[in-house]
Amino acid sequence: MPELPEVETVRKTLLALVLNERIKHVDVQWPNIIKMPAEPNDFQHLLEGQSILDIKRKGKFLIFELDNYSLVSHLRMEGKYGVYTKDEPIDKHTHVIFYLESGKTLRYHDVRKFGTMHLFAKGQAFHDLPLKQLGPDPFEQEYTVDHLLPKINKSTRAIKNILLDQTVIAGLGNIYVDETLFRARIHPLRTGDSLDRKEVQAIIVEAKATIEEAVKQGGTTIRSYVNSQGEIGMFQQQLYAYGQEGQPCARCGTEVLKIKVSNRGTHLCPSCQQIS
DNA sequence: AGCAGTACCTGACGGC
DNA sequence: TGCCGTCAGGTACTGC
């Protein structure tokens, strides 16, 4: 589900609800969510008494900064956080519950159970997987043509796949890659080694612009995304490619096409985005 | 080393 | 009403 703009919106809305809250105890209902420590029991016990001092983000990861630990959380396709009163009924897709001393509960909800949580000693999170391997996200200093052009040019993969690779750029997913390539007028099947500096520059500029606009709109809601206050995003009203198959291209009127690239649904204007 | 295919899950939807 | 196949904002693992 969520890509960088949705995760950033979750970060902001959730921080407003749980900043300085102290964790009394933790219930893990689906242990596979917890990847570190290996024993979910240890995860529960280590978090007792910890306060939430900040929530950071890198790419699509949330990082809860606690007194002594950093909790790295990925929402994957369907993960959501919500804050509830203690006695609100717990639905069947809630898998981790943080009971707070204020009486509120922070709940992690995930229909497909793909989400992950890693707990690290404070300060260690960025030096270990999964954060260690991430490329720059569009708000970081390393996000430049000079840094990204060599990585893109040495690959023979489709540019769509390169942009989905979080070790190259962190934060883009299926929606924003399709939007970026539409705006930059690059066909998703162009190979990395076929792109010149000007084309890569266009991709970098359009990816950042798209992400920034989407953050301002609170993200994109296609089916199920809501932020931590339960609100949907609004950027779906400004999509040019994703989900627009059969509609006329906003630039030239040609019908937007949907194809498969490495098994992911991929949307493009066959007239504005040419292979050669 | 780098890449494609598959696994991890559940639910919604369309066709028969 | 089923039942079956396909699809979904993602990434880790396997094996070529």
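Reminder, nothing fancy here: chain letters follow the sequence lines and each chain counts from 1.
Base-pairing analysis of DNA chain B finds the following stems of at least three consecutive Watson-Crick or G-U pairs, with both pairing distances under 3.5 Å: B:2-8 with C:10-16, B:10-16 with C:2-8.
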Checklist entry - Passes side chain to side chain contact (heavy atoms under 4.5 Å, CB included), A/Leu66 versus A/Leu53? Steps please. => result CA-CA 5 Å; A/Leu66 311 171; A/Leu53 306 179; 5.8 Å; no
Checklist entry - Step by step, would you call A/Glu8 with A/Arg57 a salt bridge (charged side-chain N to carboxylate O under 4.0 Å, His left out)? => result CA-CA 7 Å; A/Glu8 176 60 15; A/Arg57 181 192 55 71; 2.8 Å; yes
Item to check | CA sep, side-chain torsions, deciding dist, call: A/Arg107, A/Asp91, salt bridge (charged side-chain N to carboxylate O under 4.0 Å, His left out) | outcome: CA-CA 10 Å; A/Arg107 301 182 190 174; A/Asp91 90 281; over 6 Å; no
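The interatomic distance linking A/Asn263 (CG) with C/dT11 (C1') rounds to 14 Å, in whole Å. For the pair A/Asp165 CG and B/dA1 P, the interatomic distance rounds to 16 Å; values are reported in whole Å. Protein atom CD1 of A/Ile33 is 10 Å distant from nucleotide atom P of B/dC9, rounded to whole Å. Regarding A/Met117, its CE atom lies at a distance of 16 Å from the C1' atom of C/dT11, rounded to whole Å. Following rounding to the nearest Å, A/Lys151 (NZ) and B/dA1 (C1') show an atom-to-atom distance of 15 Å. Regarding A/Asn32, its CG atom lies at a distance of 16 Å from the C1' atom of C/dG10, rounded to whole Å. Straight-line distance from the NE2 atom of A/His93 to the C1' atom of B/dA12: 12 Å, rounded to whole Å. To the nearest angstrom, P of C/dC7 lies 13 Å from CZ of A/Arg112.
In the hydrophobic clustering, where aliphatic and aromatic side chains (Ile, Leu, Val, Met, Phe, Trp, Tyr) are joined below 4.5 Å either directly or transitively, A/Ile63 groups with A/Met36, A/Phe61, A/Val72, A/Phe120, A/Phe126, A/Leu131, A/Leu134. Through side-chain heavy atoms spaced under 4.5 Å, either directly or across other Ile, Leu, Val, Met, Phe, Trp or Tyr residues, A/Tyr84 is tied to no other residue. Through direct or indirect side-chain contacts shorter than 4.5 Å among Ile, Leu, Val, Met, Phe, Trp and Tyr, A/Leu189 is connected to A/Leu257, A/Ile259, A/Val261, A/Leu268, A/Ile275.
By the 4.0 Å N-to-carboxylate-O rule, A/Lys60 lies too far from A/Glu3 to be salt-bridged with it. For the pair A/Arg197 and A/Glu199, the salt-bridge criterion is not met [side-chain N within less than 4.0 Å of a carboxylate O].
For B/dA4, neither phosphate oxygen OP1 nor OP2 lies less than 4.0 angstrom from any side-chain nitrogen or oxygen of A/Lys260. Side-chain nitrogen and oxygen atoms of A/Gln166 include at least one within less than 4.0 Å of the OP1 or OP2 phosphate oxygen of C/dT11. For A/Asn161, no side-chain nitrogen or oxygen approaches OP1 or OP2 of B/dC3 to under 4.0 Å. Remark: A/His74 is not in phosphate contact with C/dG10, judged by side-chain N or O atoms under 4.0 Å from OP1 or OP2. OP1 or OP2 of B/dC8 has not a single side-chain nitrogen or oxygen of A/Lys113 nearer than 4.0 Å. OP1 or OP2 of C/dA8 lies within a sub-4.0 Å distance of a side-chain N or O belonging to A/Lys258. In terms of phosphate contacts, A/Arg264 brings no side-chain nitrogen or oxygen within less than 4.0 Å of OP1 or OP2 of C/dC7.
Rounded to a whole angstrom, the distance from the P atom of B/dT6 to that of C/dT6 is 13 Å. Rounded to the nearest Å, the gap between the P atom of B/dC9 and that of C/dC3 is 23 Å. C/dC7 and B/dG5 are spaced 15 Å apart, taking the P atom of each and rounding to whole Å.
Annotation: A/Phe64 is in aromatic contact with A/Tyr81 [ring centroid separation under 6.0 Å].
By the 5.5 angstrom centroid cut-off and the 30-degree plane limit, A/Phe114 is classified as not stacked against the base of C/dT11.
Nucleic acid contact for A/Tyr242: sugar-phosphate only, since backbone atoms but no base atoms lie under 4.0 Å from a heavy atom of the residue. Using a 4.0 Å heavy-atom distance criterion, A/Ser262 is classed as making no nucleic acid contact. Residue-level contact check: A/Lys92 touches the backbone only, with heavy atoms under 4.0 Å from sugar-phosphate atoms and none from bases.
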Polar atom pairs between nucleotides 3-5 of chain C and protein, under 3.5 Å, N or O only, would you list them?
none

So which protein N/O to nucleotides 12-15 of chain C N/O distances come out below 3.5 Å?
unit_1	atom_1	unit_2	atom_2	d
C/dA12	OP2	A/Gln133	NE2	3.4

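For A/Ala250, the side-chain contact (heavy atoms from CB on, under 4.5 Å) criterion is met by A/Tyr240, not counting sequence neighbours. Listed by chain and residue number, A/Pro136, A/Glu142, A/Thr144, A/Lys151 satisfy the side-chain contact (heavy atoms from CB on, under 4.5 Å) test with A/His147 (two or more places apart in sequence, or in another chain). Looking at residues two or more places apart in sequence or on another chain, you find no side-chain hydrogen bond (donor to acceptor under 3.5 Å, both in side chains) involving A/Thr116.
Side-chain contact check for A/Ser70 and A/Gln124: no donor-acceptor pair (N or O, by modelled atom type) lies under 3.5 Å.
Applying the salt bridge (Lys or Arg N to Asp or Glu O under 4.0 Å) definition to pairs two or more places apart or across chains, those involving residues 168-185 of chain A are A/Lys160-A/Asp178, A/Arg183-A/Glu213. Residue pairs meeting the side-chain hydrogen bond (donor to acceptor under 3.5 Å, both in side chains) criterion with at least one member in residues 41-52 of chain A, sequence neighbours excluded, are A/Gln50-A/Asn68.
No more than 12 heavy-atom neighbours from other residues, nucleotides or ligands sit within 6.0 angstrom of NZ on A/Lys216.
Contacts between residues 152-159 of chain A and DNA chain B, counted as heavy-atom distances below 4.0 Å, involve A/Lys154, A/Ser155, A/Arg157.
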